[in-house]
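Naming: A, B, ... by sequence-line order, numbering from 1 per chain.
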Amino acid sequence: MLQSISTPTAQPPLALQIRGLVKRFDRPAVDHLDLAVRVGEFYALVGPNGAGKTTTLRVIVGLLRPDAGAIHVKGIDALADPVEAKRLMAWISDEPMIYDKLTPREYLEFVAGLWQIKPALAAANAEELLDWLGLSAHADERCESFSRGMRQKVALAGALVHDPRVIILDEPLTGLDAGSARQVKNVLRERVNAGGTVIMTTHILEVAERMADRIGVIAHGRLVAEGTLEELRRLAGTGAPNRNNGTDGADSGASLEDTFLALTAEPAEAA
Amino acid sequence: MIRPGAMLWFARHESRLAWRDWLSMMTAGKPERVRRVAVGFAGFVILMHGVAYAVVGRFAAAPLDKHLLIGITATLLLSWFLMVSQAMESMTRAFYSRSDLDLILASPVVTYKIFAVRISTVALTAAAMALPLAAPFVDMLAVRGGTRWLGAYGVIIGMGAAATALAVALTVALFCIIGAKRTRLVAQIVAAVIGAAFVIGLQMAAILSYGTISRADMLQSAVVLAHTPNVGSIFWWPARAVVGNGMALLGVLATSFLLLAVVIAVVSPRFGDYLLAAAAVRGGQRSRARRLFAFRAASPRGALRRKEWMLLWRDPWLVSQTLMQMLYLVPPAVLLWRGFAAGGGAFNLLVPVLVMAAGQLAGGLAWLTISGEDAPDLIATVPIRQRFILRAKIEAVFAIIALVFAPLVATLAFISPWHALVAAGGIAVAAASATAIQLWFRSQAKRSQFRRRQISSRVATFAEAFSSIGWAATAAVAAMNFWLAVPPALLALAVLGGARFLSPHTPAVAC
């Protein structure tokens, strides 16, 4: 059962709403998941390996068909009208998939063409992104020689060049060095400040802790807890004791890691 | 017990990897298919023996005269050129694909040993790939003409060694002359050209001399008989070795292995340096000067088409693979050129060649555009209907086919409008069929897996080949009599129907 603490302030409209989402492979990967993310929010989805985080995101962006449930992106039914929903979204997977034989600038031109962005606007967006992400010096080199981090940044630039309203990222910081990770985080924060919505999964709990406005904890395909870091700490404190040091998870010094472990602990372990 | 780091130890390591790689390729990575593959392989061998029994009859007991020596030598040369091509491609891959080379170069072993083993493996592979195709013919020659024909096996092994020696020498020479950066592209193109050179050369000579595309006519002509060395010449040793001359066989084997040994001795100690040079090549070519780049307006379909063409154009390996198919269009083009002066019914041969080439080319291109998508997530999240994405990719394929074949068909139209019409129709249908098959059997893959695309579905591979053959036959018959082409056309349609029936019902890729 979802544990959450409601926020009393006036709510912006929903950027993403998921109801009763089910996706089964051999076993249920996503199991009647409900999720709501508001416009202008930076939402981090955390959970153990195999919890269903990536499957959830892939269903949202239309890469997997759900077995049941409803998905609305800024009010658009993403299952009934996927094209309109996709127009608003951008997706970046943990494995940067770009074309080796294109340069970053050509890649961005291609993506802009797919999203039908006017050339002048696309060119301006591209230059800004290449600059922000430190890719300007390599903008006319083919991507085949790029490191993983550079490829990830090109993929991110591609996702942002069409100015999406909802940015969905699966482990975007994997394989990035500290400098690149900072650049990516800054770009994402900038987007949120400009009114965009970011939903991302991460294994790096510090990232969720520092960047996310709200954090959703997912386990066994279900959202087991949701809220701000403080709210999650309180929730964890009401539940299982901290497994690392035996102290209560509600201690003010408890990190997200402690809270996360308390919230996602198997019943036998937590007991 | 073999000492780790010794030559034999490396040989065992390499053979284990090669065996598992081959097995994985044959079973498409599904170990439970081993029995089925073994049965299929045995069936193929038996079938080929049947075919060979019917084909080799008139050669088995033929007298050892110049006609026979020319025939055997031409066959050996054809195989040898293909072996050189294959070995050269293997060497290029050895230079540029890193795989386990980082581990080897970083280890304290004497690296020349493993490189010597690797070069030897290339030689063995070159021979091993020729053996299953040659064996039925050699066996049937032995059955019908005596065991002396078994000498052919020795010749094939020797040819593998000599072909590898030449391939290694050529690749290293390119490396030294034009540098590591250019060798990658040039070596692949040279390999493709060498592979096709002998067949095309013979066809060209036949066309220019006799106005026919038939190689046999050319080889057995009075001119060739008069200008080739006497029967006792050393030039015929390989052919003599095939028919069981022990001295000739010994000479062929000794020469081949000596060549390979010299190349291994010279190249192996330097191989590590070549690899380091190749590794230092950064692929980051600058495409267009910054100031010249301007974002162009395009519809999503236009952007997709342009992307496909750009990726094809920029991939030297794919270009060389495509070039191989294009090279086979040179003889028909020459035949066409001669046809302006001579005219005549030679175009009945030209039409099926064009149709067959179109089918094969379209199949490869369709795989690249439909299945070989390196950014599938991006394409699947594009805000347009998936059918438009597929349509754009198919348009990209058809545009290339049109670009390649339109000049030939247009030229043909000046000489024989009927043949041009049949060729155009055949090209369109063959290309559409090959593309449809790729569409039905599409499965997500990286473009770099192009060479192994047949593994993902053998049904698709055979369907594509039989469909192209069927439409080529249809066009050939239609060029002479339209109504007689109905039966082969029905057969080609049956192949397509069978492929559709056997294709997976749900596509394995989102787009």
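When all heavy atoms are compared, the tightest approach of Ala375(B) to Met97(A) is CB-O, 3.4 Å. Contact detail for Phe295(B) and Ala122(A): the closest heavy-atom pair is CD2-CB, 3.7 Å. For the residue pair Lys101(A) and Leu311(B), the shortest heavy atom distance occurs at CB-CD2, 3.7 Å.
Of the possible polar contacts, one joining the Lys86(A) side chain to the Ala380(B) backbone as a donor-acceptor pair under 3.5 Å is found.
Ranked by heavy-atom pairs under 4.5 Å with chain B, the list Gly113(A), Ala159(A), Ala126(A), Ala112(A) is led by Gly113(A).
Inter-residue side-chain proximity for Leu114(A) and Ile379(B) is flagged as met; some heavy-atom pair is nearer than 4.5 Å. The closest side-chain heavy-atom distance from Leu102(A) to Met310(B) is below 4.5 Å. In this structure the side chain of Leu378(B) reaches within 4.5 angstrom of the side chain of Tyr107(A), judged on heavy atoms.
Note that CD of Glu106(A) is 8.0 Å distant from CZ of Arg296(B), once rounded to the nearest 0.5 Å.
Other residues, nucleotides and ligands place no more than 12 heavy atoms under 6.0 Å from the CZ atom of Arg182(A). Environment of CZ in Arg148(A): crowded, with over 12 heavy atoms of neighbouring residues, nucleotides or ligands closer than 6.0 Å.
Under the side-chain contact (heavy atoms from CB on, under 4.5 Å) test applied with Pro383(B), the options Arg87(A), His162(A), Met89(A) reduce to a single match, Arg87(A). Partner Thr381(B) forms a side-chain contact (heavy atoms from CB on, under 4.5 Å) with one of Val61(A), Ile168(A), Ile92(A) and no other, that one being Val61(A).
For Asp81(A), the part sitting under 4.5 Å from any heavy atom of chain B is the side chain, from C-beta outward, and nothing else. Residue contact with chain B, scored on non-hydrogen atoms closer than 4.5 Å, involves the backbone and the side chain of Leu108(A) alike.
At a threshold of 4.0 Å, the pair Asp377(B)-Arg58(A) counts as salt-bridged, since one of the basic side-chain nitrogens sits closer than that to a carboxylate oxygen. Taking the charged nitrogens against the carboxylate oxygens, Glu109(A) and Arg306(B) do have a contact shorter than 4.0 Å, which makes a salt bridge.
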